[in-house]
Amino acid sequence: MKALFTIILMTLTFGVTFAQKIKEKKGQIYVDGVELLFVEKIKLAGNIDFVVKDLKENDLINFVMKDYYDPDKLVTKTDPRTKVKTTTRGATVSYYEISFVGLEDFCESGYVFPTNKGVAKFVIKNKLADSKTGVVDLENAKAFIERIGKEETRRREEISGNKVIIINENSAPSNQEGDGVTIKKGNVKVNIGN
């Protein structure tokens with residue numbers, strides 16, 4: 001019993017010791033009591049966008065709210081009076097397009113809480129800015145963009161009728177045929193081009 005208590009106490013101590021405390025006051029972001037970043041909220045046409053800046057007011061990371069209607073998205077709602085759950089098909093999907101100053105590429109995430117502190121927590125938790133200096137490492141940002149991807153853009157294009165073909169690195173080799181490219185894998189042949 002003593003051993004179990006000791007393990008629980010050590011786990012809690014370790015978690016409290018290494019957990020970073022993020023506080024926000026009028027856009028200023030403090031991590032473990034040190035002023036680190038500034039998050040500016042921009043409200044435009046019903047959207048809430050954010051710009052993460054360093055302490056010299058230089059833009060670092062942009063969070064731009066986007067949305068689209070997905071006719072296949074299932075939504076379950078509970079009536080507060082009757083407690084009956086109903087599932088409907090079709091809903092608006094909201095997400096943030098995240099871009100870094102100095103990089104042309106972007107990624108998307110629906111897991112950003114739309115407040116200054118929520119954006120700051122997302123940035124620190126995902127190590128998009130150094131939690132001691134506030135500096136954005138562009139190599140880390142590239143890896144983050146690659147890992148998170150653009151799932152919502154792919155889904156929007158799929159809904160609008162554009163077909164998306166994802167080719168993994170380990171796909172079969174492609175052969176040039178005429179003006180297009182033919183990709184063969186097993187007995188499936190896809191011709192892309194004219």
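The residues of the chain are indexed from 1 along the displayed sequence. Note: hydrogens, waters and symmetry copies are ignored here, and every other heavy atom, side chains too, is used.
Contact detail for Phe106 and Ser99: the closest heavy-atom pair is CB-CB, 4.1 Å. Between Leu103 and Ala141 the shortest heavy-atom distance is CD1-CB, 3.7 Å. Of all heavy-atom pairs between Ala120 and Val39, the closest is CB-CG2, 4.4 Å. Across all non-hydrogen atoms, the minimal contact from Ala129 to Gly134 is CB-O, 3.9 Å. Scanning all heavy atoms of the two residues, the minimum distance from Tyr69 to Gly90 falls at OH-CA, 3.2 Å. Across all non-hydrogen atoms, the minimal contact from Glu157 to Ser160 is O-OG, 3.1 Å.
Within the 4.5 Å cutoff, side-chain heavy atoms of Pro71 are placed close to those of Ile159. Contact of the Tyr95 side chain with the Asp67 side chain is not registered, since no non-hydrogen atoms from C-beta on lie closer than 4.5 Å. Taking 4.5 Å as the limit, every side-chain heavy atom of Asn126 sits out of range of all side-chain heavy atoms of Tyr111. Residues Val84 and Lys77 form no side-chain contact, since every pair of their non-hydrogen atoms from C-beta on lies 4.5 Å or further apart.
Summarising the local packing, CZ of Phe113 is surrounded by 12 or fewer heavy atoms from other residues, nucleotides or ligands at distances under 6.0 Å.
In this view, Asp105 and Lys150 satisfy the salt bridge (Lys or Arg N to Asp or Glu O under 4.0 Å) rule, not counting sequence neighbours. Scored by the salt bridge (Lys or Arg N to Asp or Glu O under 4.0 Å) test, Arg155 finds Asp70, Asp72, Glu158 as partners (sequence neighbours excluded). The side-chain contact (heavy atoms from CB on, under 4.5 Å) test applied to Glu146 returns no partner, not counting sequence neighbours. Listed by chain and number, the residues in a side-chain hydrogen bond (donor to acceptor under 3.5 Å, both in side chains) with Thr78 amount to none (sequence neighbours excluded). Listed by chain and number, the residues in a side-chain contact (heavy atoms from CB on, under 4.5 Å) with Ile61 are Val52, Phe63, Ile98, Phe100, Val123, Leu128, Val136 (sequence neighbours excluded). In terms of the side-chain contact (heavy atoms from CB on, under 4.5 Å) criterion, Lys26 has no residue partners (sequence neighbours excluded). Lys73 is linked by a salt bridge (Lys or Arg N to Asp or Glu O under 4.0 Å) to nothing, counting only residues two or more places apart in sequence or in another chain. In this structure Thr88 satisfies the side-chain contact (heavy atoms from CB on, under 4.5 Å) test together with Val75, sequence neighbours excluded.
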query: Tyr30 and Leu36: side chain to side chain contact (heavy atoms under 4.5 Å, CB included), yes or no, with the steps?
result: CA-CA 6 Å; Tyr30 299 85; Leu36 190 65; over 6 Å; no

Ser94/Tyr68 under side chain to side chain contact (heavy atoms under 4.5 Å, CB included): CA gap, chis, key distance, verdict: CA-CA 7 Å; Ser94 296; Tyr68 65 95; over 6 Å; no

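Rounding to the nearest 0.5 angstrom, the gap separating the CD1 atom in Ile124 from the CD1 atom in Ile22 is 5.5 Å. Expressed to the nearest 0.5 Å, how far CG of Asp32 lies from OG of Ser131 amounts to 7.5 Å. Taking CD from Glu57 and CG from Leu60, the interatomic distance works out to 10.5 Å, rounded to the nearest 0.5 Å. In this structure, Asp54 CG and Phe38 CZ are separated by 11.5 Å, a value rounded to the nearest 0.5 Å. Rounded to the nearest 0.5 angstrom, Glu108 CD and Ile145 CD1 are separated by 11.0 Å. Atom CZ in Arg147 sits 9.0 Å away from atom SG in Cys107 (nearest 0.5 Å).
Under a hydrophobic clustering in which Ile, Leu, Val, Met, Phe, Trp and Tyr are joined whenever their side-chain heavy atoms come within less than 4.5 Å, directly or via other members, Leu138 and Phe144 fall into the same cluster. Clustering ILVMFWY residues whenever any of their side-chain heavy atoms sit less than 4.5 angstrom apart, transitively, puts Val93 in a cluster other than the one holding Ile48.
The stretch residues 109-136 participates, sequence neighbours left out, in no salt bridge (Lys or Arg N to Asp or Glu O under 4.0 Å) pair at all. Within the structure, salt bridge (Lys or Arg N to Asp or Glu O under 4.0 Å) contacts touching residues 39-50 (residues at least two apart or in different chains) are Glu40-Lys53. The list of salt bridge (Lys or Arg N to Asp or Glu O under 4.0 Å) pairs with a residue in residues 87-97, not counting sequence neighbours, reads Lys66-Glu97.
Residue Leu44 shares its hydrophobic cluster (ILVMFWY side chains chained together at separations under 4.5 Å) with Ile42, Val51.
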